[in-house]
Amino acid sequence: MKTQRTRLALLLVMVLALTGVLSACGGGSDQAANGKVTISFLHWRGEDTQTFQKIIDAFEQKNPNIVVDMQTLTSDQYQTTAQAKLTDGSVGDVFASFPGAQFEALAKAGLFTDLTGESLLKNYNANLIEAGSKDGKQWAVPYQLVYNMPIYNKAIFEQYGLTPPKDWDGFLKACQTLKDNGIIPIAFAGGDIGPGQFMNTMVMNNEPSEDIFTKVESGQAKLTDEFWVKTLTQFKELNDKGYFQPNSLGTKDPAAGALFIQGKAAMLASGSYQLSQNAKQNPELQQGLLAPITVSADQAKYEGVHTSTFMLAVNSRSKHPEEAKKFLEFLSQPDIAAQYANETGQNVTLKDIKYDSKELNIAQEWADKKTLFQPRYTIVNAENQKAVTNSIQAVLGGATPEQAAQDAQAIIDQQIGR
Amino acid sequence: MINRKLLWLFMLPGILLYTGLFVYPALSGLFYSFTNWDGVSPSYDFVGVANYKDSFDSITFRKAFMNNIKFMIVVVVLQTVISLVLALVLAKNSRTHVVFRALYFFPAILSSVSVGLIWSFIYDPSIGLLNMSLQSAGLDSLMGSWTGDAKIALYAIAFVQIWAHAGQMMIIFIAGLHAIPGELMEAARIDGANRMQIFGRITWPLLAPSAAIVISYTTIQSFKAFDLIFVMTDGGPNYATEILTTYIYHLAFSNYSFGLASAGSMIFLVLLGILTFFQFRALRQEGARG
């Protein structure tokens, strides 16, 4: 009995001691005794930590008095918990933000340090970092770049004497040629990412404006307006003419990708992020990016759609803003950004980057073209976003464009009413 | 008296766990359902019952609720019938029967996320096993867009739910069958009763307690199904498979509407409570009769 009690007491003491040690670890220790300053770098790209660690090592060598402590969350977690963590200023002296809803929320909470006029901005392609500006000030710099445009198989296009069409008639004609030759014109993942990706290029010239969906969300424009009904009608046209693979609504991303990689489909309605993955599975593949032009050639204002994300910023609650800015400047050096791009297979928003791989260069060709920031991302409310992409699914499932637009608008009206 | 107090001490761990993991979250959910909290900001406002009103008015909530009911009815009816038939066929303790029982039970030990992923591939319209088999069997007309057609997607998932859990329910029925005294069957047979009569007069009435357990368990399980739908369709196409749990999830984690999602959860809690109440009553009645 007695030994048991002593044992229990010992266990209790050990548990208490452990708790003490752990809580000591959790405490902030940003100013170490040796005069070094520790800044925290918070982001969600767990898959890039190895590359970032190399960059951090190089940075620390150059700045021996600064230690960079990198923390990553999964992107889901990041959406939900980042703001709370950033608010108390203990982590994320330098942090990344998603464009759209999260950027707006963080800006509203005043967590961004104004970067307007900083020399590091000169390294970026001005058109591609607009997602990080608001009210005329640059709050964050988007680092990664994706083109949300269909990928096409250059070899198949060449075989049938096709080039990326310049207008809607040309696009339909190209699809018909492919179909006549037994090739699926467009592999479309209608079950998951398809509508959300393909809608961007489909709508960009039907309503060539940067804020059409902002207007829809505030009630100034409606999905039942000409631009969206026309977009839905064109989706229906592609579907009715059999330019998507059969039963496209039941197809998911990997299956649609497989059709393209195997050369059964000539186009894949996804985005440039898929290029290197495709090349890995079929090194013979010759890929390019194109966008359906849904109007006549002279009315086409945009050539494609881009998304700039992983928006880097300095926390306004940071205790070491100078050191944090220094790290951001380091990340903004073209050679460092190139290292990041080439090691991770991501395009970046900076100018004059030398890409090693064929796939990154395919996207790079689009840097100087007239591209629109992804319209879907400008829909801030996720329920509205879903209503919009679901109206595409409704049309592909047999509903009329007018009916589908009306149903989606009804949901958006409810959101406006709230 | 001292003994009484000591007994409370033994209940303490359970009470603490239950309070910490169930009562507290439920109460804080109730609290947030009256606010417009977005899940991340430190501040929020009280909005009264607006969230409840918005939920009941919401087009998506109504769709989700109707889908929930449809899903539940299909799963409860089919799963109960199928597991009962399997149990009747495999009740005898022969070696082959035991092997088959194990086989039918097998899906129940897989995680539902794996089940969802496996069936997503089987259902794929172009490269999926189901359509390919139908094609090679010359049954092209039966090929379908299983999870892509808004009219059948919910039932396609219901089928997977049944596939995954019928074996589990079969075990409960088999246990119930084994509890029926053999003499009753023998007596009935001597009296000249045929198979249908034996089932109708003896097996089914004595199996009623097991049936009640199966039905109540299946009802709750199918009502709060989440993982299969989340993995296979995530509520699509065009809300065709959106049910209350996915609706709440989407509100909270992709729309940052924690207040509204909390109100949805509270409504869901009440619905589940009502369901459980009626089932317990039914169970108790069955128990009293048995």
Side-chain angles (χ1 to χ4, degrees), chain A residues 76-77 79-88 101-102 105-106 108-109 184 187 190-192 195 245-252 254-256 258-259 262 264-265 380-387 389-399 404 407-408 410-415 417-418, chain B residues 36 38-43 47 50-51 53-55 57-63 117 120-121 123-128 130-131 140 143-153 156 231-242 246-247 249-260:
Chain A
D76 279 351
Q77 271 180 334
Q79 305 253 18
T80 50
T81 60
Q83 182 166 357
K85 285 179 186 295
L86 293 169
T87 304
D88 72 11
Q102 190 176 46
L106 295 178
K108 208 173 108 192
I184 298 167
D192 47 24
Q245 80 282 7
N247 297 325
S248 58
L249 279 183
T251 308
K252 293 198 173 194
L259 289 174
Q262 292 163 7
K264 288 182 186 164
V380 181
N381 181 309
E383 269 204 83
N384 289 344
Q385 214 179 89
K386 206 162 175 190
T389 52
N390 275 356
S391 67
I392 297 171
Q393 290 186 325
V395 168
L396 300 185
D407 289 349
I411 290 172
I412 288 175
D413 284 340
Q414 283 197 332
Q415 298 293 324
R418 266 178 206 163
Chain B
N36 63 357
D38 62 3
V40 282
S41 314
S43 64
V47 293
N51 285 334
K53 199 178 157 295
D54 283 345
S55 294
D57 288 344
S58 161
I59 298 170
T60 8
F61 178 86
R62 287 185 186 173
K63 279 187 185 164
L117 287 175
S120 289
F121 273 103
Y123 278 150
D124 186 279
S126 332
I127 58 171
L130 184 56
N131 272 0
D140 293 40
M143 284 167 63
S145 180
W146 303 106
T147 52
D149 187 331
K151 289 187 203 74
I152 53 178
V231 171
M232 292 180 70
T233 58
D234 197 20
N238 195 18
Y239 306 107
T241 58
E242 186 92 299
T246 55
Y247 163 81
Y249 176 86
H250 288 138
L251 268 184
F253 294 107
S254 44
N255 204 26
Y256 299 102
S257 304
F258 264 74
L260 198 58

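Proteins come first, then strands; the chains are lettered A, B, ... in the order of their sequence lines, and each starts at number 1.
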*asked:* Check this for me: B:Lys63, atom NZ, are more than 12 non-hydrogen atoms of other residues, nucleotides or ligands nearer than 6.0 Å?
replied: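 For B:Lys63, atom NZ is crowded (more than 12 foreign heavy atoms under 6.0 Å).
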*Pick one of side chain, backbone, both or neither for B:Ser58, based on which atoms fall under 4.5 Å of a heavy atom in chain A.*
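Both backbone and side chain.
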*B:Asp234 versus chain A, heavy atoms under 4.5 Å apart: side chain, backbone, both or neither?*
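It is the backbone, since no side chain atom gets that close.
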Atom pair [atom1] ([X]) and [atom2] ([Y]), whose distance is rounded to the nearest 0.5 Å:
X: A:Gln393; Y: B:Tyr239; atom1: CD; atom2: OH; answer: 9.5 Å
X: B:Glu242; Y: A:Asn390; atom1: CD; atom2: CG; answer: 8.0 Å
X: A:Leu396; Y: B:Asp149; atom1: CG; atom2: CG; answer: 12.0 Å
X: B:Ile59; Y: A:Ile412; atom1: CD1; atom2: CD1; answer: 10.5 Å
X: B:Thr233; Y: A:Lys252; atom1: OG1; atom2: NZ; answer: 6.5 Å

Using heavy-atom distances under 4.5 Å, tell me whether [X] contacts chain B through its side chain, its backbone, both, or neither.
X: A:Ala387; value: both
X: A:Asp192; value: neither
X: A:Ile392; value: neither
X: A:Ala109; value: neither
X: A:Lys264; value: neither

For residues [X] and [Y], report the shortest heavy-atom separation together with the two atoms involved.
X: A:Gly250; Y: B:Asp124; result: O-OD2, 4.3 Å
X: A:Glu383; Y: B:Leu251; result: OE2-CD2, 3.1 Å
X: B:Ser145; Y: A:Leu249; result: OG-C, 4.4 Å

*Heavy-atom distance under 4.5 Å between the side chains of B:Asn131 and A:Asn247, does that happen here?*
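When only atoms from C-beta onward are counted, A:Asn247 and B:Asn131 do touch, with a gap below 4.5 Å.
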*Who wins among B:Leu260, B:Asp54, B:Asn36, B:Thr60 for the most heavy-atom pairs under 4.5 Å with chain A?*
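Top option by heavy-atom pairs under 4.5 Å: B:Asp54.
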